[in-house]
Visitor: 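First, the structure itself, so that you have it in front of you.
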Amino acid sequence: PREYRQKGQSSGLIIDRQGIILTNAHVVSGADTVKVTLQDGRSFEGKVQGIDRLSDLAVVKIDGKNLPIAILGNSSELEVGDWAIAVGNPLGLDSTVTLGIISTLDRPSTQVGISDLRLNFIQTDAAINPGNSGGPLLNARGEVIGINTAIRAGAEGIGFAIPIDHVKTIKERLIRGEKIPHPYIGIQMLTLTPDLARQINREPNIGISIPEIEGVLIVSVMPDSPALVAGLRRGDVITAIDGTAIINANQLQDLIDQSQIDQPMKISIHRGEQTRQFSVIPQEIESLTTNH
C-alpha cells in the first residue's frame, strides 16, 4: 500500500530568478496551470512547463519580482545519519518544518512499493505527510538535497525524497518541455544467489533448471518487448552487460537506465549449462506501455 498521490495543497521550490519551480509530477498531473502562493502571501498563476511521470518530477513557471530562491546542494555527498529537514505544507498547514536524519540512500522505488516510478530514493525519518509532496528536503546548511515525494501508508518515520542530483540531470530538459527518455528492455527480474537457485530447483513444478550462480534471474519476459525480440527467456540468468559483471537486480536496472534508446546492449546469460550472448536494443518505456 502507498500514499503518494493527493489532491489539494502541495509544495514546491523556486530555483531561479526567472520563476522556475520544481515540484512532483503527481502534484500537477492533468493541469496546464496551477495556483502558486508564496510564504509572503503573493499569489501567481503558474504554467506547467514539463513533466516526467517516471521520475515524478515537474517544472512550473511563474512571473514575478524579488522571488525567494532555494539553493541546490549535492545529494552525492550525503551519508546515512546526516541531518535532514523537510519543508512544506503537510495537511494544509503552511510552512511546516520537520527534522530528522538520512535513514538510507539509494532505496529503489520498487522496494518502496511504487513500481510505476524509475527512481532510487533518499529515505528519511523527518516527518513527511500529504501536502509535503514537491517540497524540499534540506541538509544542515539549508541546501536542497531532495524533493519530498512519498510516504508509506500506515508507517511512521519513513518518508522518501528524489535525490537532487537526479533532478539536476533532467531539470533543464523539463524547463524546455522536452520528453525524458527512459530505456526499457521488458523483463521482471530477481537477484540470484547459488543458495536461492538451489531452493528454486527443489520446487517440483518449476519446469526449468536454474544455474546455481550469482547474477540476475529473469522471472518473466513481457510480450513484444526488446528482451523477447532478442531471444531472452524466463529462467535465463544475466551475468554481464557490455562486459560489466552483474551481481544484483539494482545494478542491472541502473545500467538499463543509463543505456541509450535504440543502441544495442550485449547481454551475457547462463541458460541451463550453456553460456550465451544476446544483443538487446532498449526502447522507450512509455511508447511500449502505451501499446499494451
Side-chain angles (χ1 to χ4, degrees), residues 3-28 34-44 46 48 55-62 64 66-105 107 112 119-152 155-168 171 174:
E3 295 178 13
Y4 84 107
R5 299 181 186 277
Q6 62 269 340
K7 296 180 180 179
Q9 190 172 12
S10 292
S11 307
L13 58 146
I14 305 172
I15 60 171
D16 69 16
R17 301 292 178 189
Q18 283 68 51
I20 297 297
I21 298 173
L22 294 175
T23 188
N24 286 148
H26 75 262
V27 167
V28 298
V34 294
K35 183 181 179 182
V36 177
T37 303
L38 305 188
Q39 189 174 357
D40 61 16
R42 287 183 290 169
S43 291
F44 302 88
V48 179
S55 293
D56 200 16
L57 288 171
V59 164
V60 174
K61 173 77 164 59
I62 62 173
N66 300 317
L67 298 173
I69 307 300
I71 304 301
L72 303 187
N74 298 295
S75 52
S76 61
E77 298 176 357
L78 293 176
E79 296 181 359
V80 172
D82 285 350
W83 291 114
I85 304 164
V87 181
N89 303 299
L91 308 173
L93 302 172
D94 292 352
S95 307
T96 296
V97 179
T98 57
L99 176 66
I101 62 169
I102 302 297
S103 304
T104 304
L105 298 168
R107 176 76 74 188
V112 177
L119 282 172
N120 288 336
F121 286 122
I122 297 168
Q123 181 178 325
T124 179
D125 66 350
I128 296 175
N129 293 286
N132 275 111
S133 287
L137 188 70
L138 309 172
N139 61 20
R141 296 187 296 273
E143 299 165 337
V144 181
I145 53 173
I147 307 294
N148 299 320
T149 191
I151 58 174
R152 285 293 292 267
E156 294 184 7
I158 303 177
F160 302 94
I162 303 166
I164 201 63
D165 286 5
H166 175 75
V167 179
K168 290 176 182 178
K171 67 181 179 65
L174 289 178

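Basis for what follows: all heavy atoms, side chains included, without hydrogens, waters or symmetry-related copies.
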Visitor: Begin from the C-alpha positions of Thr98 and Asn132 and carry the test side chain to side chain contact (heavy atoms under 4.5 Å, CB included) through to its verdict.
Guide: CA-CA 10 Å; Thr98 57; Asn132 275 111; 5.6 Å; no
Visitor: Write down the atom of Ile122, the atom of Ser75, and the distance for their closest heavy-atom approach.
Guide: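 Answer, listing the atom of Ile122 first, then Ser75: CD1-CB, 4.3 Å.
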Visitor: Shortest non-hydrogen contact from Phe44 to Leu67?
Guide: CZ-CD2, 4.2 Å
Visitor: Nearest 0.5 angstrom please: Thr23 OG1 to Asp56 CG, how far?
Guide: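 Here the interatomic distance stands at 8.5 Å.
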Visitor: List the atom of Pro136, the atom of Gly12, and the distance in Å for their closest heavy-atom pair.
Guide: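 Closest heavy-atom pair between Pro136 and Gly12: CD-O, 4.3 Å.
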Visitor: Listed by chain and number, what are the side-chain hydrogen bond (donor to acceptor under 3.5 Å, both in side chains) partners of Ser55, not counting sequence neighbours?
Guide: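 Per chain and number, Ser55 pairs via side-chain hydrogen bond (donor to acceptor under 3.5 Å, both in side chains) with Asp52, His166.
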Visitor: Hey, could you give me the CZ/CG distance between Phe160 and Leu137, rounded to the nearest 0.5 Å?
Guide: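 Here the interatomic distance stands at 12.5 Å.
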Visitor: Quick check for you: to the nearest 0.5 Å, what is the distance between Leu78 atom CG and Asp165 atom CG?
Guide: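 Reported value, rounded in 0.5 Å steps: 8.0 Å.
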Visitor: If I take atom OG1 from residue Thr124 and atom CZ from residue Arg107, how far apart are they, to the nearest 0.5 angstrom?
Guide: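 Those atoms lie 12.5 Å apart.
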Visitor: CZ of Phe121 to CD1 of Ile147: how many Å apart, nearest 0.5 Å?
Guide: 12.0 Å
Visitor: Holding to side-chain hydrogen bond (donor to acceptor under 3.5 Å, both in side chains), I want the full list of residues that pass it with Asp125, two or more places apart in sequence or in another chain.
Guide: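 Asp125 satisfies side-chain hydrogen bond (donor to acceptor under 3.5 Å, both in side chains) with no other residue.
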Visitor: Arg42: what forms a salt bridge (Lys or Arg N to Asp or Glu O under 4.0 Å) with it, not counting sequence neighbours?
Guide: Asp40
Visitor: Kindly determine whether Leu57 and Leu22 satisfy side chain to side chain contact (heavy atoms under 4.5 Å, CB included), including the steps that lead there.
Guide: CA-CA 7 Å; Leu57 288 171; Leu22 294 175; 5.8 Å; no
Visitor: Working to the nearest 0.5 angstrom, can you tell me the gap between Ile15 CD1 and Ile69 CD1?
Guide: 8.5 Å
Visitor: Which heavy atom of Ile162 sits nearest a heavy atom of Thr149, and at what distance?
Guide: CG1-CG2, 4.0 Å
Visitor: Identify, with sequence neighbours excluded, every residue that meets salt bridge (Lys or Arg N to Asp or Glu O under 4.0 Å) alongside Lys61.
Guide: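 Salt bridge (Lys or Arg N to Asp or Glu O under 4.0 Å) check on Lys61 returns Asp63.
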Visitor: Among Asp16, Ile164, Ile145, which one satisfies side chain to side chain contact (heavy atoms under 4.5 Å, CB included) with Leu72?
Guide: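 Only match with Leu72 under side chain to side chain contact (heavy atoms under 4.5 Å, CB included): Ile164.
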Visitor: Of the non-hydrogen atoms in Ala126 and Gly100, which two are nearest, and what is the gap between them?
Guide: CB-N, 3.7 Å
Visitor: Side chain to side chain contact (heavy atoms under 4.5 Å, CB included), that's the test. Do Val144 and Leu138 meet it? Break it down for me.
Guide: CA-CA 4 Å; Val144 181; Leu138 309 172; 3.7 Å; yes
Visitor: Taking only residues two or more places apart in sequence or in another chain, which ones pass side-chain hydrogen bond (donor to acceptor under 3.5 Å, both in side chains) with Glu143?
Guide: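 Applying side-chain hydrogen bond (donor to acceptor under 3.5 Å, both in side chains) to Glu143 gives Asn139, Arg141.
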Visitor: Which heavy-atom pair separates Gly73 from Lys168 by the least distance, and what is that distance?
Guide: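 Here Gly73 and Lys168 meet closest at O-NZ, 2.6 Å.
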Visitor: Can you list, pair by pair, the side-chain donor-acceptor contacts under 3.5 Å of residues 79-87, counting residues two or more places apart and other chains?
Guide:
{"unit_1": "Asp82", "atom_1": "OD2", "unit_2": "Glu79", "atom_2": "N", "d": "2.9"}

